[in-house]
Amino acid sequence: MSKQYTREQKTAYYQSLRNRWQATKNVGNEDEIKAVMMERGMNFSVRSYILVDMQLRALGLEGIPYVDTKTYQGWKESGYQVKKSEKSQIDGITWIAVHGKEIEEPTDEDTGNGKAGYAMPKAYALFHRSQVEELRA
């Protein structure tokens, strides 16, 4: 059975995600981060990197975001298993496109899709390398 949230609770939750995302705006050296991303062949936003890096530092954990922190599935695909009873202490934020109702006139001349829409933040759980163990063959 899933928990039901009120409209106010949902609004507050999404606003907190937006605020956390906004807090990363002028933190860190973007050129430095882009160099690390290129060196490791990573493809994600600089803000995502900064958000995870801030959490790693606050928890006193060492590592590179998205190298030493991955989702449950990411660790599994890399040949690791999250240790039993470990809880994620780090989360990332991604933005999901939500399309609105069909309208007569296109709202975006570039796409001409005739649909209004917006982006909604979505949090996802990440686990640190200290929370996983290598799978035995």
Side-chain angles (χ1 to χ4, degrees):
M1 185 193 294
S2 66
K3 183 176 176 177
Q4 297 295 320
Y5 295 98
T6 66
R7 182 181 204 110
E8 293 78 22
Q9 288 172 319
K10 289 179 185 177
T11 301
Y13 171 73
Y14 290 122
Q15 188 58 49
S16 72
L17 290 179
R18 286 182 180 93
N19 291 343
R20 288 180 54 214
W21 186 261
Q22 195 65 21
T24 66
K25 192 170 186 174
N26 295 317
V27 178
N29 183 342
E30 284 193 31
D31 294 332
E32 209 174 280
I33 294 167
K34 286 177 183 176
V36 170
M37 290 168 51
M38 287 181 63
E39 176 185 315
R40 300 206 179 255
M42 299 175 171
N43 184 23
F44 51 85
S45 78
V46 172
R47 281 192 175 183
S48 290
Y49 185 99
I50 293 169
L51 180 69
V52 173
D53 189 51
M54 287 169 45
Q55 292 175 77
L56 284 172
R57 291 172 193 256
L59 293 168
L61 299 171
E62 293 183 12
I64 299 171
Y66 300 102
V67 172
D68 297 312
T69 59
K70 297 180 184 184
T71 62
Y72 180 88
Q73 190 64 35
W75 282 116
K76 193 173 180 181
E77 290 170 359
S78 297
Y80 291 84
Q81 174 66 43
V82 175
K83 295 175 187 174
K84 188 174 181 174
S85 77
E86 287 287 342
K87 303 276 189 222
S88 171
Q89 299 175 336
I90 303 165
D91 61 352
I93 298 174
T94 190
W95 292 83
I96 307 297
V98 178
H99 299 287
K101 294 180 180 178
E102 192 86 29
I103 58 175
E104 291 180 24
E105 294 294 320
T107 56
D108 185 349
E109 274 126 283
D110 295 334
T111 62
N113 63 7
K115 290 185 179 182
Y118 59 95
M120 182 173 85
K122 181 176 192 287
Y124 55 93
L126 295 169
F127 295 90
H128 186 258
R129 68 172 182 243
S130 64
Q131 296 178 287
V132 298
E133 54 194 5
E134 193 167 9
L135 289 173
R136 295 185 186 96

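Everything numeric in this text was worked out from a predicted model, so none of it was measured. One is the number of the first residue; the rest follow in order along the sequence.
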Problem set entry | Distance-minimising heavy-atom pair for L51 and D91 | CD2-O, 4.1 Å
Exercise. Got a sec, which residues hit ring pair (Phe, Tyr, Trp, His ring centres under 6.0 Å) with Y66, two or more places apart in sequence or on another chain?
Worked result: F44
Exercise. How far does OG of S88 sit from CD of Q55, to the nearest 0.5 angstrom?
Worked result: 8.0 Å
Exercise. If you look at every heavy atom in G92 and V52, which pair is closest and at what distance?
Worked result: CA-CG2, 4.5 Å
Exercise. What heavy-atom pair brings T71 and Y124 nearest, and what distance separates the two atoms?
Worked result: CG2-CD1, 4.0 Å
Problem set entry | Over 12 foreign heavy atoms within 6.0 Å of CD, Q9 | yes
For this session: Indicate the atoms forming the closest heavy-atom contact of I64 with Y49, along with that distance.
Result: CG2-OH, 3.7 Å
Problem set entry | Atom pair NE2/CG of H128 and L59 - distance to nearest 0.5 Å | 9.0 Å
Exercise. How close do V46 and E30 get, heavy atom to heavy atom, and via which atoms?
Worked result: CG1-CG, 3.7 Å
Exercise. Given the rule that I, L, V, M, F, W and Y join up when any side-chain heavy atoms are under 4.5 Å apart, are I33 and L126 in one cluster?
Worked result: yes
Exercise. Just by modelled atom types, is the V132 backbone N or O under 3.5 Å from a matching donor or acceptor in the W75 side chain?
Worked result: no
For this session: Could you tell me whether N43 atom CG has more than 12 heavy atoms of other residues or ligands within 6.0 Å of it?
Result: no
Exercise. In terms of hydrophobic clustering (I, L, V, M, F, W, Y; side-chain heavy atoms under 4.5 Å; direct or indirect links), are L56 and M42 co-clustered?
Worked result: yes
Problem set entry | Path from V82 to L135 over hydrophobic side-chain contacts below 4.5 Å | no
Seminar exercise, completed: Note: Y72 and Q81 closest approach over all heavy atoms is OH-NE2, 2.9 Å
Exercise. Which is it for F127 and Y80 under the side chain to side chain contact (heavy atoms under 4.5 Å, CB included) test, yes or no, and what are the steps along the way?
Worked result: CA-CA 11 Å; F127 295 90; Y80 291 84; over 6 Å; no
Exercise. Quick one: side-chain hydrogen bond (donor to acceptor under 3.5 Å, both in side chains) partners of D31, sequence neighbours excluded?
Worked result: none
For this session: Examine distances only and state if a side-chain atom of T11 and a backbone atom of R7 form a donor-acceptor pair shorter than 3.5 Å.
Result: yes
Exercise. Are the side chain of Q131 and the backbone N or O of K87 linked by a donor-acceptor pair below 3.5 Å?
Worked result: yes
Exercise. Do Y5 and M120 belong to the same hydrophobic cluster, where Ile, Leu, Val, Met, Phe, Trp and Tyr are linked whenever their side-chain heavy atoms lie under 4.5 Å apart, directly or via other members?
Worked result: no
Exercise. Are M37 and I90 connected in the hydrophobic side-chain network, where two residues link if heavy atoms are under 4.5 Å apart?
Worked result: yes
Exercise. Any side-chain donor paired with an acceptor under 3.5 Å for E8 and Y13?
Worked result: no
Exercise. For residues 59-82, which residue pairs qualify under salt bridge (charged side-chain N to carboxylate O under 4.0 Å, His left out), counting only residues two or more places apart or in two chains?
Worked result: D68-R129
For this session: Please report the C-alpha distance between M54 and R20 in whole Å, then the side-chain angles of each, then the deciding distance to 0.1 Å, and finally whether the side chain to side chain contact (heavy atoms under 4.5 Å, CB included) criterion is met.
Result: CA-CA 11 Å; M54 287 169 45; R20 288 180 54 214; over 6 Å; no
